[in-house]
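We use all heavy atoms of the structure for the numbers below, so side chains are in, but hydrogens, waters and symmetry mates are not.
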Amino acid sequence: MIDQHRVPLVLIGGLPAHGTRHLADRFADEPNTAVVYHDLRDVADGVVHRTVRVHGTADTAIVRLDHGCVSCTLRHDLLPLLRRLARTAGVDRLVCHLDRVLEPDRVCWELHRTPVDGETVLSDVEIAGVVTVLDAGTWLADATGDDLLAERGWHGAGDDGRTVAQVALSQVEFADVLVLAGHAPDPWTAARTGAVRARVAPSAPLLDLPGLTGDALLRTLAEAPRTARRGAPVDPHGALVRGEPPLDADCGVELTTFSAQRPFHPGRLYDALDVLLDGVVRTRGRLWVASRPDSALWLESAGGGLGLAVLGPWLDAPDSPDWDEVTDERSALASLRWHPVWGDRAQELVVVSHLAEPREIREALSGALLTDAELAEGREAWAAYPDPFAHHGEHPVTTTGKDNA
């Protein structure tokens, strides 16, 4: 239920620019609604085009890129703008129309965490939901490919190394409601697209763009299931699966989980990553690598790209945060899997494949775990293992192909 003292905000994103624009236009025609759009088509020239539509008028402005950083520019322009609009008489709803290369989870993170004049914008705004538009004809190819955004002339900054697949999957996974635009070229593509969508966003209702009204979309958002995020930031230490995705195979698409309570050998894990780059749509999860036993690593693949990041210490590590400093979800999951020797350290991965054989994925990952003999050698021996992941710092790294991981 929306807090009546705050203005509801709907975020609309997705790769098909025509589809998101069409949906945003529907809202722009609604009374008492303000629609904000930051167009990044000229970001390479150091500018962002900002348009605000409210009360039947459109106000356009050029926003200079802040330190060459799109995130900084949006943070310094969008957040104060939303606050100002929320306090404008006659504005009862806000719509944030996102450029095709923006990932809604990152925008929502800023809304939750970045203060403006001492407090976050959420003191004035409540996120009613996130809507993602996907093109039935192209989304599956986008989500399973290895094209860089820059190769299509789409990028959030000059050094944007993200892949189309990463953005396509992130947008769909974070959505509370999905809107289908366009048509699949054949029934097989339609079926496979539906099978992937059901495993990466099982709880999100699916609507068709033709004939969809703003009121119908708002009703669907209001009735979204309890698992809907409604813009809540993702906890990488939380549950990897939300909702109830199908566990059986459909059109060759299958969800595979892998868990273990012994560390990976860094060299064998590096070799095993090949299995996640061929015939796999998506991998997300936490890793425990023997050469760095106190650090939780985050692995994420999308189509032909793979990224790795350091999440920080496990709760059992010497420099871990206090239990009351972490989310309830993280502490609950850690309690459920707590090991008398290893604490909360564990391997937890979820893989959605479309051409790969799940049995081969499990075998490759199992073969990368320490053997009983290696486990008995202890941490001093593990620390001497050559570590091909040692150059990764605290921030996510997105690459195309394992050799750059």
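A salt bridge is defined here as a Lys NZ or Arg NE, NH1 or NH2 lying under 4.0 Å from an Asp or Glu carboxylate O, and R282 with E300 meets this definition. Using a 4.0 Å cut-off between charged side-chain N and carboxylate O, D124 and R83 make a salt bridge. Classification of D250 and R192 as a salt-bridged pair fails, no side-chain N sitting under 4.0 Å from a carboxylate O. Classification of D176 and R230 as a salt-bridged pair fails, no side-chain N sitting under 4.0 Å from a carboxylate O. A salt bridge links E363 to R359: one of the charged nitrogens lies within less than 4.0 Å of a carboxylate oxygen. A salt bridge is defined here as a Lys NZ or Arg NE, NH1 or NH2 lying under 4.0 Å from an Asp or Glu carboxylate O, and R330 with E325 fails to meet this definition. Note on R53 versus D29: no salt bridge recorded, every NZ/NE/NH1/NH2 to OD/OE distance being 4.0 Å or above. Using a 4.0 Å cut-off between charged nitrogen and carboxylate oxygen, R50 and D77 count as a salt-bridge pair. Note on E103 versus R162: salt bridge recorded, some NZ/NE/NH1/NH2 to OD/OE distance being below 4.0 Å.
For H112, the NE2 atom counts as densely surrounded, since its 6.0 Å shell holds more than 12 non-hydrogen atoms of other residues, nucleotides or ligands. For CG of D278, the number of neighbouring non-hydrogen atoms (other residues, nucleotides, ligands) closer than 6.0 Å is 12 at most. By the neighbour-count criterion of 12 heavy atoms within 6.0 Å, atom CG of D117 is sparsely surrounded, having that number or fewer from other residues, nucleotides or ligands. In E357, the CD atom is crowded: over 12 heavy atoms of neighbouring residues, nucleotides or ligands sit closer than 6.0 Å.
Annotation for E173 and V200: closest pair CG-O, 3.6 Å, computed over non-hydrogen atoms. Residues A364 and A272 approach most closely at O-CB, 3.7 Å, considering heavy atoms. Heavy atoms only, all atoms of each residue included: L134 and L178 are closest at CD2-CB, 3.9 Å. In this structure, V289 and P263 approach most closely via the heavy-atom pair C-CB, 4.3 Å. The minimum heavy-atom distance linking L140 with V196 is given by the pair CD1-CG2, 3.8 Å. Here the shortest heavy-atom pairing between Q347 and L287 reads OE1-CA, 3.3 Å.
For the atom pair L218 CG and E223 CD, the distance stands at 11.0 Å (nearest 0.5 Å). Rounding to the nearest 0.5 Å gives a distance of 10.0 Å between CD of Q166 and CG of L148. Of the inter-residue distances, the one linking L365 atom CG with F264 atom CZ reads 5.0 Å to the nearest 0.5 angstrom. From L311, atom CG reaches atom CH2 of W298 across 7.0 Å, with rounding to the nearest 0.5 Å. With rounding to the nearest 0.5 Å, the separation of CG in L349 from CZ in R362 is 12.0 Å. Separating the CZ atom in R84 from the CG atom in L79 is a distance of 11.5 Å, to the nearest 0.5 Å.
For the pair P358 and E254, the minimum side-chain heavy-atom distance is below 4.5 Å. You'll find the side chain of L180 reaches within 4.5 Å of the side chain of L206, heavy atoms only. The shortest distance between side-chain heavy atoms of W154 and L40 does not fall below 4.5 Å. Side-chain atoms of L255 and V351, non-hydrogen and from C-beta on, never get closer than 4.5 Å to each other. Side chains of L111 and L9 form a contact here, defined as non-hydrogen atoms less than 4.5 Å apart. Proximity of L375 to T371: side-chain heavy atoms (C-beta onward) are nowhere separated by under 4.5 Å. Between C251 and W188, the closest side-chain pair of non-hydrogen atoms falls below 4.5 Å.
Side chain of R6 to main chain of L122: a donor-acceptor pair is present (N/O by atom type, distance under 3.5 Å, no hydrogens or angles). For the pair S123 (side chain) and T120 (backbone), a donor-acceptor distance under 3.5 Å is present. E329 places a side-chain N or O within 3.5 Å of a backbone atom of A239 that can act as its donor or acceptor partner. When atom types are taken as modelled, the side chain of H22 and the backbone of H18 share no donor-acceptor pair closer than 3.5 angstrom. A donor-acceptor pair under 3.5 Å links the side-chain atoms of Q171 to the main chain of L102, judged by distance alone. Judged by distance alone, the side chain of R262 and the main-chain N or O of L370 form a donor-acceptor pair under 3.5 Å. Using a distance-only test at 3.5 Å, with no hydrogens or angles considered, a donor-acceptor pair links the side chain of R286 to the main chain of G238. A side-chain donor-acceptor contact under 3.5 Å links R242 to the backbone of T227. Of the possible polar contacts, none joining the W109 side chain to the P233 backbone as a donor-acceptor pair under 3.5 Å is found. Here the side chain of D208 pairs no donor or acceptor atom with the backbone of P210 at under 3.5 angstrom.
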Pairs under 3.5 angstrom only: tabulate donor-acceptor contacts from the side chains of residues 331-345 to other protein residues two or more places apart or in another chain.
from: S331; atom 1: OG; to: T327; atom 2: O; distance (Å): 3.4
from: S331; atom 1: OG; to: D328; atom 2: O; distance (Å): 3.0
from: S335; atom 1: OG; to: S331; atom 2: O; distance (Å): 2.9
from: R337; atom 1: NE; to: D344; atom 2: O; distance (Å): 2.8
from: R337; atom 1: NH1; to: E348; atom 2: OE1; distance (Å): 2.9
from: R337; atom 1: NH2; to: D344; atom 2: O; distance (Å): 3.1
from: H339; atom 1: ND1; to: V341; atom 2: N; distance (Å): 2.9
from: H339; atom 1: ND1; to: W342; atom 2: N; distance (Å): 3.1
from: D344; atom 1: OD1; to: L315; atom 2: N; distance (Å): 3.3
from: D344; atom 1: OD1; to: D316; atom 2: N; distance (Å): 3.1
from: D344; atom 1: OD2; to: L315; atom 2: N; distance (Å): 2.9
from: R345; atom 1: NE; to: P293; atom 2: O; distance (Å): 2.7
from: R345; atom 1: NH1; to: D316; atom 2: OD2; distance (Å): 2.6
from: R345; atom 1: NH1; to: W342; atom 2: O; distance (Å): 3.0
from: R345; atom 1: NH2; to: D294; atom 2: OD1; distance (Å): 2.8

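Here R93 pairs with nothing under the salt bridge (charged side-chain N to carboxylate O under 4.0 Å, His left out) rule; sequence neighbours left out.
Cation-pi geometry between R379 and W382 is not met: the NZ or CZ atom fails to fall both under 6.0 Å from the ring centre and inside 45° of the normal.
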In sequence, state the C-alpha distance, the side-chain angles, and the governing distance for L94 and T33, and then conclude on side chain to side chain contact (heavy atoms under 4.5 Å, CB included). CA-CA 6 Å; L94 295 171; T33 299; over 6 Å; no

Take N32 and V91 through the test side chain to side chain contact (heavy atoms under 4.5 Å, CB included) and record every step on the way to the result. CA-CA 5 Å; N32 304 320; V91 173; over 6 Å; no

For V131 and L11, what are the C-alpha separation, side-chain angles and deciding distance, and is it a side chain to side chain contact (heavy atoms under 4.5 Å, CB included)? CA-CA 6 Å; V131 180; L11 293 96; over 6 Å; no

Passes side chain to side chain contact (heavy atoms under 4.5 Å, CB included), E374 versus Y385? Steps please. CA-CA 11 Å; E374 291 168 333; Y385 291 163; 3.7 Å; yes

Kindly indicate, with the supporting measurements, whether the criterion side chain to side chain donor-acceptor pair (under 3.5 Å) is fulfilled by H49 and T60. CA-CA 7 Å; H49 301 267; T60 61; over 6 Å; no

Before you tell me yes or no, could you show the steps for D105 and S170 under side chain to side chain donor-acceptor pair (under 3.5 Å), namely the whole-Å CA-CA distance, both residues' side-chain angles and the distance that decides it to 0.1 Å? CA-CA 8 Å; D105 59 319; S170 174; 3.3 Å; yes

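The closest side-chain donor-acceptor pair between S291 and D387 falls under 3.5 angstrom.
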